[in-house]
Student: 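Provided herewith is a single structure, encoded as structure tokens, for subsequent inquiry.
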There are 2 protein chains.
Amino acid sequence: MAKASDKVRELLEREIRHGALRPGDSIDERSLAERFSVSRTPAREAILQLAASGLVTMRPRHGAVVAGLEVKDAIAMMETLVALEGEAAALAARRMSAAEVEELSRRHAESEAAAREHDSRAYIDLNARFHAAIYAGARNDYLAGLIRNTRSRMSFFHASSLNQRARVERSWDEHGGVVRAIASGDPAAAEAAMRDHILSGGRVYADLVAAMPRETSAG
Amino acid sequence: MAKASDKVRELLEREIRHGALRPGDSIDERSLAERFSVSRTPAREAILQLAASGLVTMRPRHGAVVAGLEVKDAIAMMETLVALEGEAAALAARRMSAAEVEELSRRHAESEAAAREHDSRAYIDLNARFHAAIYAGARNDYLAGLIRNTRSRMSFFHASSLNQRARVERSWDEHGGVVRAIASGDPAAAEAAMRDHILSGGRVYADLVAAMPRETSAG
DNA sequence: CACGATTCTCTTGTATGCACAAACAGAATC
DNA sequence: GATTCTGTTTGTGCATACAAGAGAATCGTG
């Protein structure tokens with residue numbers, strides 16, 4: 001078996017992401033340890049690691065609470081994500097092989113059905129694959145990591161904007177723009193198309209964030 | 001006094017940055033604890049946190065080693081940094097107040113002396129302030145955090161490119177371009193100028209990285 | 001002499017005990 | 001009645017003891 005602390009970290013992370021633990025909820029080492037049938041040590045380590053990755057915040061001598069996003073931070077993350085995804089698209093346009101572009105194009109075409117039927121569930125998965133293909137094409141693991149981490153921290157609100165029925169079809173159309181730009185090897189166009197695409201989803205996200213209850217501020 | 005684990009983490013981090021600990025050096029909890037006169041627990045926590053931030057890598061049951069950068073990763077980070085700094089400059093051009101622009105401009109002018117005299121030591125500090133002013137002007141803490149973390153991970157090689165005497169003066173000139181673009185409120189120009197600036201430093205960095213001995217690969 | 005299994009050691013990973021710091025509650029005083 | 005001081009309680013932070021796994025060395029065997 002893997003390390004117990006890793007197990008705890010992973011499960012705790014899932015709970016936070018899935019919303020079982022909501023921002024502001026406090027986590028104490030002892031009950032966490034009991035819940036996972038381990039001692040305080042690995043529980044504590046799990047908390048520390050999550051704190052380092054920004055999912056929980058710690059105040060000295062005061063324990064950890066599930067990190068909430070202030071509206072300001074959520075906006076900053078979205079803005080940053082736009083830049084990161086845009087850069088990835090630009091790099092992909094310069095670096096993807098003909099075969100990869102072909103594959104991307106084919107995948108995109110195949111996902112049309114789900115989009116037209118507003119099948120959010122299926123499309124969310126296809127969307128993830130689409131973006132993953134772009135990251136791979138960008139040939140920059142560090143950039144991809146930053147994007148993944150950023151998305152992860154924003155997905156507190158399980159709410160992908162793609163849960164909005166109307167959003168799915170538009171998303172697919174926007175993907176088309178990105179694909180065309182990449183296929184024509186135009187980095188600037190690919191970046192612009194991707195930025196628009198992310199921003200477009202971001203507007204829906206902004207509504208969700210703005211509608212959030214008062215969040216805990218992380219000292 | 002602050003937490004012992006924080007103290008250890010901080011000092012260890014400094015040692016890594018300053019090159020006292022080189023990539024590939026292994027860190028064992030016991031000697032680390034002895035060196036800082038604490039028990040293994042805070043030492044271990046420090047290592048865990050550094051691992052989470054990517055400065056050291058851990059293999060289960062094998063302990064931690066100071067993370068090395070493969071050339072591939074170094075390139076990826078530099079490339080990403082260019083994008084991040086460029087975005088920050090663009091945002092700063094849109095958001096800095098007149099007073100801030102005035103201040104930035106003044107600071108830049110004042111740093112000319114150090115640049116013309118190739119005073120690396122002084123200029124490195126002025127350079128840091130300059131960039132910090134840009135981040136502040138960008139009004140995006142998350143973006144600023146990513147930049148700082150990225151720079152931190154690249155500064156293994158204490159070698160700021162600014163240690164190159166010749167680089168200092170060019171850097172100052174490039175800063176001038178950024179300042180002018182921001183002053184004229186032109187985000188695209190600011191981004192372009194900043195990208196050039198970072199890339200320009202990056203070329204020196206690339207030489208350093210390429211000249212590195214064989215690095216440890218992080219499983 | 002070479003190769004392999006076994007043991008031995010060293011280090012990590014986990015559990016638990018202890019001390020201290022901060023919040024909370026209650027009582028006493030203003 | 002409000003405020004402050006103090007005792008208590010709770011939970012973090014650190015230390016140390018214990019268990020387990022990985023690697024090295026040694027001993028046995030072919």
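Letters go in sequence order (proteins before strands), and every chain restarts at 1.
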Student: Let's see if you get this right: which residues in residues 27-37 of chain B place a heavy atom under 4.0 Å from DNA chain C?
Tutor: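 Going residue by residue through residues 27-37 of chain B, the ones with a heavy atom under 4.0 Å of DNA chain C turn out to be B:Ile27, B:Asp28, B:Glu29.
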
Student: Once you round it to whole Å, what is the distance between P of D:dT12 and CG of B:Asp6?
Tutor: 15 Å

Student: Is atom CZ of A:Arg106 surrounded by more than 12 heavy atoms (other residues, nucleotides or ligands) closer than 6.0 Å?
Tutor: yes

Student: Between the protein and nucleotides 16-19 of chain C, list the N/O to N/O atom pairs that are separated by less than 3.5 angstrom.
Tutor:
from: C:dT16; atom 1: O4; to: A:Thr41; atom 2: OG1; distance (Å): 3.4

Student: Kindly write out the residues that satisfy ring-ring contact (aromatic ring centres under 6.0 Å, His included) with A:Phe36, not counting sequence neighbours, or none if the list is empty.
Tutor: none

Student: Please enumerate all residues that pass ring-ring contact (aromatic ring centres under 6.0 Å, His included) together with A:His131, with sequence neighbours excluded.
Tutor: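 Applying ring-ring contact (aromatic ring centres under 6.0 Å, His included) to A:His131 gives A:His175, A:His197.
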
Student: Only counting residues at least two apart or in another chain, list the ones meeting side-chain hydrogen bond (donor to acceptor under 3.5 Å, both in side chains) with B:Ser120.
Tutor: none

Student: Regarding B:Ser200 and B:Arg167, is there a side-chain donor-to-acceptor distance under 3.5 Å anywhere?
Tutor: yes

Student: Any salt bridge between B:Arg139 and A:Glu79, counting N to O under 4.0 Å?
Tutor: no

Student: Under 3.5 Å, which N/O atoms of the protein pair with N/O atoms of nucleotides 23-25 of chain D?
Tutor:
from: D:dG23; atom 1: OP1; to: B:His62; atom 2: NE2; distance (Å): 2.7

Student: Would you find a donor on one side and an acceptor on the other, under 3.5 Å apart, between the side chain of B:Arg95 and the backbone of B:Ala138?
Tutor: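 Between the backbone of B:Ala138 and the side chain of B:Arg95 there is a qualifying donor-acceptor contact (under 3.5 Å).
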
Student: Between P on C:dT14 and NZ on A:Lys7, what's the gap in Å once rounded to a whole number?
Tutor: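 Computing the A:Lys7:NZ to C:dT14:P distance gives 10 Å.
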
Student: Examine the side chains of A:His62 and A:Arg59 and answer whether a donor and an acceptor come within less than 3.5 Å of each other.
Tutor: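 On atom types as modelled, these side chains qualify, holding a pair under 3.5 Å.
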
Student: Just the rounded figure in Å: distance from P of D:dT16 to CZ of B:Arg44.
Tutor: 17 Å

